[in-house]
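Here it is: the structure, laid out below.
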Amino acid sequence: MNSSSQVKALCFRLHRGDDLKTSILSFVQTNKITAGCVASVVGCLSHLSLRLADSVSVIDKAQPYEIINVSGTITPHHLHLHLSAADSSGHMLGGHMLEGCVVSYTAEVCILVFDQFEFDREYDPATGYSELTVKRTE
C-alpha cells in the first residue's frame with residue numbers, strides 16, 4: 001500500500017460561540033481537503049438547527065444539547081452532515097445539520113481524509129438533490 005492510498009486523521013477543537021457546520025467547512029477549505037468524512041464530534045451546543053427527514057421541517061432550538069454523533073461526507077465546498085443530540089432530559093433529536101448549531105463550551109472534531117479521492121456534488125434529477133460524486137485521483 002503506498003502512502004497516497006492511506007487514510008489520515010485531522011483533529012481540532014471548537015470553542016464557545018463557534019458555528020459547528022461553518023467551522024468544519026472552514027477547516028476543510030483551509031486544509032485543502034478534497035475528500036473526507038466526519039469520524040467523530042463530541043461536545044455541547046447552546047443552539048440546535050436541524051432539517052428533518054421530510055426535507056422541509058426544521059428544528060431550531062436555543063437550549064443545551066449534548067452532541068451524541070455527527071457523521072457525513074466532506075467535499076471542498078459542501079458538507080453533508082447528520083447530527084444527533086440529547087437535551088437536558090436525555091431526549092434525542094437528529095437530522096440534517098444546518099448552519100446555526102452553536103457550540104456552547106467545546107466541540108472536539110475528528111475528520112478522516114481520503115487523499116486518493118476527490119468528492120464533489122452534482123444535481124441528480126432522479127432524487128432532486130445534489131448527490132455525492134467520487135473520483136479516484138491515483
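In what follows, residues are counted from 1 in the order of the sequence shown. Only heavy atoms go into these numbers, but all of them, side chains included; no hydrogens, no water, no symmetry mates.
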Report task. For M97 and L20, run side chain to side chain contact (heavy atoms under 4.5 Å, CB included): C-alpha distance rounded to whole Å, both residues' side-chain angles, the deciding distance at 0.1 Å, then the answer. Result -> CA-CA 9 Å; M97 184 194 305; L20 186 57; 3.6 Å; yes

Query - Side-chain heavy-atom pair I67, V42 within 4.5 angstrom cut-off - result: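 The answer is no, as the side chains (C-beta and beyond) never meet within the 4.5 Å cut-off.
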
Requested in this report: If the plane angle is over 60° it's perpendicular, under 30° parallel, otherwise tilted; pick one for F114 and F117.
Outcome: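 Correct class here is perpendicular.
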
Query raised in the report: Transitively linked via ILVMFWY side-chain contacts under 4.5 Å: L112 with L25?
Result: no

Query - Spatial distance of atom CG (L14) from atom CG (D19) [nearest 0.5 Å] - result: 9.5 Å

Requested in this report: Kindly compute the distance separating CD (Q63) from OG (S46), expressed to the nearest 0.5 Å.
Outcome: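 Between atom CD of Q63 and atom OG of S46 there are 10.5 Å.
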
Report task. Give, for atom CG of L79 and atom NZ of K21, the distance between the pair rounded to the nearest 0.5 Å. Result -> 6.0 Å

Query raised in the report: Between R121 and E131, is any pair of side-chain heavy atoms under 4.5 Å apart?
Result: yes

Query - Interatomic spacing from CG in L81 to OG in S71 - rounded to 0.5 Å - result: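 L81 CG to S71 OG: 8.0 Å, rounded to 0.5 Å.
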
Query raised in the report: When you look at V70 and L83, which way does the side chain to side chain contact (heavy atoms under 4.5 Å, CB included) test go after all the steps?
Result: CA-CA 4 Å; V70 175; L83 179 144; 3.8 Å; yes

**Report entry** Inter- and intrachain pairs under side-chain hydrogen bond (donor to acceptor under 3.5 Å, both in side chains), touching residues 92-113, at least two apart
**Finding:**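 Matches after skipping sequence neighbours: R13-T106.
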
Query raised in the report: Any chain of hydrophobic side-chain contacts (each under 4.5 Å) joining L98 to I74?
Result: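 No, L98 and I74 fall in different hydrophobic clusters.
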
Query raised in the report: How long is the span from the CG atom in L52 to the CD1 atom in I59, to the nearest 0.5 Å?
Result: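 It comes to 4.5 Å.
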
Requested in this report: Would you check if the side chain of T137 reaches a backbone N or O of Q116 as a donor-acceptor pair within less than 3.5 Å?
Outcome: yes

Report task. Taking the side chain as every heavy atom from C-beta outward, state whether T34 and F119 have any atom pair closer than 4.5 Å. Result -> no

Query raised in the report: Are H82 and L50 side-chain neighbours, meaning at least one heavy-atom pair lies under 4.5 Å?
Result: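 No, their side chains stay 4.5 Å or more apart.
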
Query raised in the report: Is the backbone of P76 close enough, under 3.5 Å, to the side chain of Q29 for a donor and an acceptor to pair up by distance?
Result: yes

Requested in this report: Could you tell me which non-hydrogen atom of A107 sits nearest to which non-hydrogen atom of V41, and how far apart they are?
Outcome: CB-CG1, 4.4 Å

Report task. Show your working on side chain to side chain contact (heavy atoms under 4.5 Å, CB included) between T75 and L132 and close with a plain yes or no. Result -> CA-CA 9 Å; T75 74; L132 183 69; 4.2 Å; yes

Requested in this report: State plainly whether the residues K135 and D120 are in salt-bridge range, i.e. N to O under 4.0 Å.
Outcome: no

Query raised in the report: Are the side chain of S89 and the backbone N or O of H91 linked by a donor-acceptor pair below 3.5 Å?
Result: no

Query raised in the report: Are I24 and I111 close enough that some pair of their side-chain heavy atoms sits under 4.5 Å apart?
Result: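 I24 reaches I111 side chain to side chain.
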
Report task. May I ask you to decide if I33's main-chain N or O and N31's side chain share a donor-acceptor pair within less than 3.5 Å? Result ->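 Not at all, since once roles are kept as given, no pair shorter than 3.5 Å links the two residues.
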
Requested in this report: Could you give me the CA-CA distance, side-chain angles and deciding distance for L48 and C101, then say whether side chain to side chain contact (heavy atoms under 4.5 Å, CB included) is met?
Outcome: CA-CA 5 Å; L48 182 69; C101 291; 4.3 Å; yes

